[in-house]
Each structure stands twice: as structure tokens, then as C-alpha cells.
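Report on the following structure.
What you are looking at is a predicted structure, and each value in this text was computed from that prediction instead of being measured.
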Amino acid sequence: GNRVTIHMDHFYVELDPGTNILTREELEAPHLSKSRWSLSQLQDNLMNGQVNRRDFSWGGCGWPRHLNIPRGTEGGMEWNLVVMVSRVLPQDMSRLGEWRRNSNLAWSYCGVNWGNVPDSRPMGFPADRMRDYGDIVNMARGRENWAITRVTIRHGSSWL
């Protein structure tokens, strides 16, 4: 099976018993660049004194939004969409405020420039353990806090 994983989002939310409906905007994902400037604009702003070195260093950090979802193919590219819900680790309970403070940073990709990263789990968790299972479907098997569904990503006008 395909062993490629793409980390789409990572966030803290308090859930109530029963059904919870969550809505997230793409740019809320903690790995995406929040920069309003292109890299060339950011460099020009540095050279013109409109941003300082610290802001320049963090200004473009993060994964580009246009690369967040694979482009797909005209015929369709099959993927497994995986959702995993996990508890906050006991050692991270004191870091709950960091989720809010770092919400406008690409912290899961770049780290943070002050304070702590909100989640002490390894980068890429849980996919960093996939080699022990072979693929993500086997890894999720029997786990009640995971859901998997097949999706097809299509690119082009043939599917309209």
C-alpha cells in the first residue's frame, strides 16, 4: 500500500459527549505559512527596511498553502482520509494556552519563536510509527479513536 502521509491539521478542542460538529479553515492548520507576502516580497521588505531580520526569518515559514492538498489527476488519485482524536498528554496539560498563543504560527512545521510547542509528541505523530504496521490502514485497525474513508482527488475539467 501507499505509505505517503500528508499531515493536514492538528488542533486542540474540548469535545462534549455525543456528536460534535467541527469546522476549520484551511489556514488554521499549524503547518501552513500564514505569510501575506511572497518570498520575493518578503525579501524586498527586508531590503527596504519594512521588516526586521526576526520578522523576515519567521515571515515565510510554513508549508505553502497551494501545496497543502495533492493536485490529483484527471482520472482521480485515491487516498485514505484519516482522522485521529487523541487526549492531551498529561505533561502537556500545562501547555493548553500555547495552542491559542501559537494559532497564527506554522508551529508544527517551524517550531515557535517563544514559549513551547503545544504538543510534545514527535513531529509526524502518529505516522512516525507507521513502519511497525506497514501502512496507515493497518495502523488504525481496531482503534476506536480513528476513522478512515477513501477519497478521490481529481484535477481537470473531465469530472465536471
Side-chain angles (χ1 to χ4, degrees), residues 1-36 39 58-160:
N2 190 340
R3 295 185 185 177
V4 174
T5 61
I6 301 169
H7 194 139
M8 301 294 292
D9 208 348
H10 186 161
F11 59 96
Y12 172 80
V13 64
E14 293 185 16
L15 299 173
D16 296 317
T19 301
N20 291 262
I21 298 173
L22 307 175
T23 303
R24 298 269 296 169
E25 295 294 327
E26 182 179 25
L27 277 177
E28 292 179 275
H31 64 283
L32 293 177
S33 173
K34 312 301 191 265
S35 180
R36 61 185 183 271
L39 290 178
W58 284 88
C61 191
W63 190 253
R65 181 179 181 185
H66 68 280
L67 297 176
N68 194 35
I69 297 174
R71 182 176 174 165
T73 63
E74 282 192 26
M77 182 183 290
E78 298 288 320
W79 289 83
N80 289 315
L81 177 63
V82 180
V83 176
M84 184 194 83
V85 177
S86 62
R87 295 180 186 269
V88 174
L89 297 174
Q91 64 266 29
D92 294 337
M93 290 302 289
S94 64
R95 297 180 178 183
L96 292 182
E98 301 292 338
W99 288 96
R100 285 183 296 282
R101 279 192 289 279
N102 292 314
S103 65
N104 290 322
L105 299 174
W107 66 263
S108 73
Y109 193 83
C110 307
V112 296
N113 57 2
W114 60 272
N116 294 306
V117 171
D119 190 352
S120 65
R121 290 181 175 97
M123 295 293 265
F125 177 84
D128 63 326
R129 290 154 172 73
M130 202 164 33
R131 72 170 185 266
D132 298 336
Y133 297 91
D135 64 30
I136 199 86
V137 174
N138 287 327
M139 190 173 168
R141 189 166 283 122
R143 298 175 193 260
E144 293 180 5
N145 62 324
W146 291 57
I148 297 181
T149 191
R150 294 291 287 171
V151 296
T152 303
I153 301 175
R154 291 186 175 86
H155 175 78
S157 58
S158 63
W159 56 273
L160 295 176

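- Between N116 atom CG and E98 atom CD the span is 5.0 Å, to the nearest 0.5 Å.
- The line from CE of M130 to CE of M139 is 7.0 Å long, rounded to the nearest 0.5 Å.
- For the salt bridge (Lys or Arg N to Asp or Glu O under 4.0 Å) condition, no pair includes a residue of residues 80-91, sequence neighbours left out.
- The CZ atom of F125 sits 9.0 Å away from atom NE2 of H10, with the distance rounded to the nearest 0.5 Å.
- Among pairs with a residue in residues 59-103, those fulfilling disulfide (SG to SG under 2.5 Å) read C61-C110, at least two apart in sequence or across chains.
- Once rounded to the nearest 0.5 Å, the distance linking CE of M84 with CG of N145 reads 6.5 Å.
- The two residues S33 and L27 make their nearest non-hydrogen contact at O-CD2, 3.7 Å.
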Exercise. Show your working on side chain to side chain donor-acceptor pair (under 3.5 Å) between R65 and N68 and close with a plain yes or no.
Key: CA-CA 5 Å; R65 181 179 181 185; N68 194 35; over 6 Å; no

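- Under the 4.0 Å criterion applied to side-chain N and carboxylate O atoms, D132 and R129 are not assigned as salt-bridge partners.
- Between the CG atom of L81 and the CD1 atom of I136 there is a distance of 11.0 Å, given to the nearest 0.5 Å.
- Open room surrounds CD on E14; 12 or fewer heavy atoms of other groups in view lie less than 6.0 Å from it.
- Contact check for M77 versus T152: no side-chain heavy atoms found under the 4.5 Å cut-off.
- Crowding of W99 atom CH2: a count of heavy atoms from other residues, nucleotides or ligands under 6.0 Å exceeding 12.
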Quiz item: Do E74 and R154 pass the salt bridge (charged side-chain N to carboxylate O under 4.0 Å, His left out) test, and can you show the C-alpha distance, the side-chain angles, and the key distance before you say yes or no?
Solution: CA-CA 5 Å; E74 282 192 26; R154 291 186 175 86; over 6 Å; no

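- Remark: side-chain polar atoms of D119 are not paired, donor with acceptor, to backbone N or O of V117 under 3.5 angstrom.
- Taken from OG1 in T5 to CG in D135, the straight-line distance is 11.5 Å, to the nearest 0.5 Å.
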